[in-house]
Amino acid sequence: MTLLELSGLVVGYGGTAVCPPLSLTVAPGDAVAVIGTNGTGKSTLLRTVLGLQDPLSGTVRAFGRAVDERERAFRTRVAGVLDDDAFFPGVTVREHLVLTARGHGVADAGAVTDRVLDHMGIAGQAGAMPHTLSSGQRRRFLLASALVRPRDLLVLDEPEQRLDTAMRGRLADTLRAEADAGTAVLFATHDDRLLAATGARALHLSDDGAVLLDPDEAPGVLAGFR
Ligand SMILES: Nc1ncnc2c1ncn2[C@@H]1O[C@H](COP(=O)(O)OP(=O)(O)OP(=O)(O)O)[C@@H](O)[C@H]1O
């Protein structure tokens, strides 16, 4: 079964492509990493997959339909964490997460939130305002926002950013568990250890084209960017 299908996809801005045309199919339980040096279009690709910008050409289909983030049916099944953050004033970390969970129909939103806060190691920050968190704590919080809600497709842009080594290990375990549970995971990364630990296939973007690598060779290719 195909959950996400990119076909002849070209992404970019103002009519100018930022990466080569690409095609990719992702099934439930698949983990796919998008890799490439800075500026090769990874974030732009993920934004397009999330329906936040239109393709220049080609198609992005999720769950058998063209992606459209205005459709609730799409939003309820797709959890995305990009490199941006915006918070409601006067709403704590825990309250943000409970609101997110409730908004997506989670019945025991408080209990789920407390489990995820604990899992992400930020239970001690539950009552804090998001803007008072350290950058790594804020990253943990943003990742938590994807984990408190239902999801069939998880899209993460460099989820390892600003996380300490132990939390990067936890992140790898989490992504593997997500895939094992049947969630499709698509993430951009610069971390070859995260890539190896998740066992993800890697889509390598470069001037030479978009190439799907085997899990065995992908971490070596990524490490070679250093
Ligand atoms: N809003 C925008 N308008 C125009 N060009 C943009 C915009 N955002 C990004 N770009 C350009 O698109 C190209 C790809 O950027 P993108 O952020 O997708 O790369 P990336 O692979 O995610 O990079 P990095 O590894 O540095 O995060 C870059 O040349 C960038 O300057």
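Note: hydrogens, waters and symmetry copies are ignored here, and every other heavy atom, side chains too, is used. Whatever order the structure lists them in is the order used to number ligands and atoms, beginning at 1.
- Here the protein heavy atom with the shortest distance to atom 12 (O) of ligand 1 is Val18 CG1, 3.3 Å.
- Not a single heavy atom of Gly36 sits closer than 4.0 Å to an atom of ligand 1.
- Interface atoms of ligand 1 facing Ser43, defined by a heavy-atom separation under 4.0 Å, are 17 (O), 18 (O), 20 (P), 22 (O).
- Considering backbone and side-chain atoms alike, Gly41 places an N or O below 3.5 Å from some N or O of ligand 1.
- The side-chain tip of Arg77 points at the ring of Phe63 from less than 6.0 angstrom away and within 45° of straight on.
- Atom 11 (C) of ligand 1 has Tyr13 CE1, 4.0 Å as its closest protein atom, hydrogens excluded (heavy atom only).
- The Glu158 neighbourhood of ligand 1 comprises atoms 24 (P), 25 (O), 27 (O), with distances under 4.0 Å to a heavy atom of that residue.
- His96 and Phe141 have perpendicular rings, their planes meeting at more than 60° on a 0 to 90° scale where under 30° would count as parallel.
- Atom 31 (O) of ligand 1 is not flagged as protein-proximal [any protein heavy atom, distance under 4.0 Å].
- Between the side chains of Thr189 and Glu160, a donor-acceptor pair is found at a separation under 3.5 Å.
- Of the protein's non-hydrogen atoms, the one nearest atom 21 (O) of ligand 1 is Lys42 NZ, 2.7 Å.
- Considering only non-hydrogen protein atoms, atom 14 (C) of ligand 1 sits nearest to Gly39 O, 3.5 Å.
- Cluster membership check: Val116 does not share its hydrophobic cluster with Val98, using side-chain heavy-atom separations under 4.5 Å among Ile, Leu, Val, Met, Phe, Trp and Tyr.
- Listed by atom number, the atoms of ligand 1 under 4.0 Å from His190 heavy atoms are 25 (O).
- Listed by number with element, the atoms of ligand 1 under 4.0 Å from a non-hydrogen atom of Thr40 are 19 (O), 21 (O).
- To the nearest 0.5 Å, atom CG of residue Asp173 and atom OG1 of residue Thr198 are 10.5 Å apart.
- Side-chain contact, Thr76 with His104: no donor N or O sits under 3.5 Å from an acceptor N or O.
- Residue Asp108 places its CG atom among more than 12 non-hydrogen atoms of other residues, nucleotides or ligands, all under 6.0 Å distant.
- Heavy atoms only, all atoms of each residue included: Ala146 and Val81 are closest at CB-CG2, 3.7 Å.
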Next item on the list: Any chance you could lay out the side-chain contact (heavy atoms from CB on, under 4.5 Å) test for Phe187 and Glu158, step after step, and finish with the verdict?
Entry: CA-CA 7 Å; Phe187 63 107; Glu158 296 180 33; over 6 Å; no

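- Every atom of ligand 1 is numbered from 1 in the order shown, and the set under 4.0 Å from a heavy atom of Asn38 is 23 (O), 24 (P), 25 (O), 26 (O).
- Of all the atoms in ligand 1, the ones that sit under 4.0 Å from a non-hydrogen atom of Thr44 are 14 (C), 15 (O), 16 (P), 18 (O).
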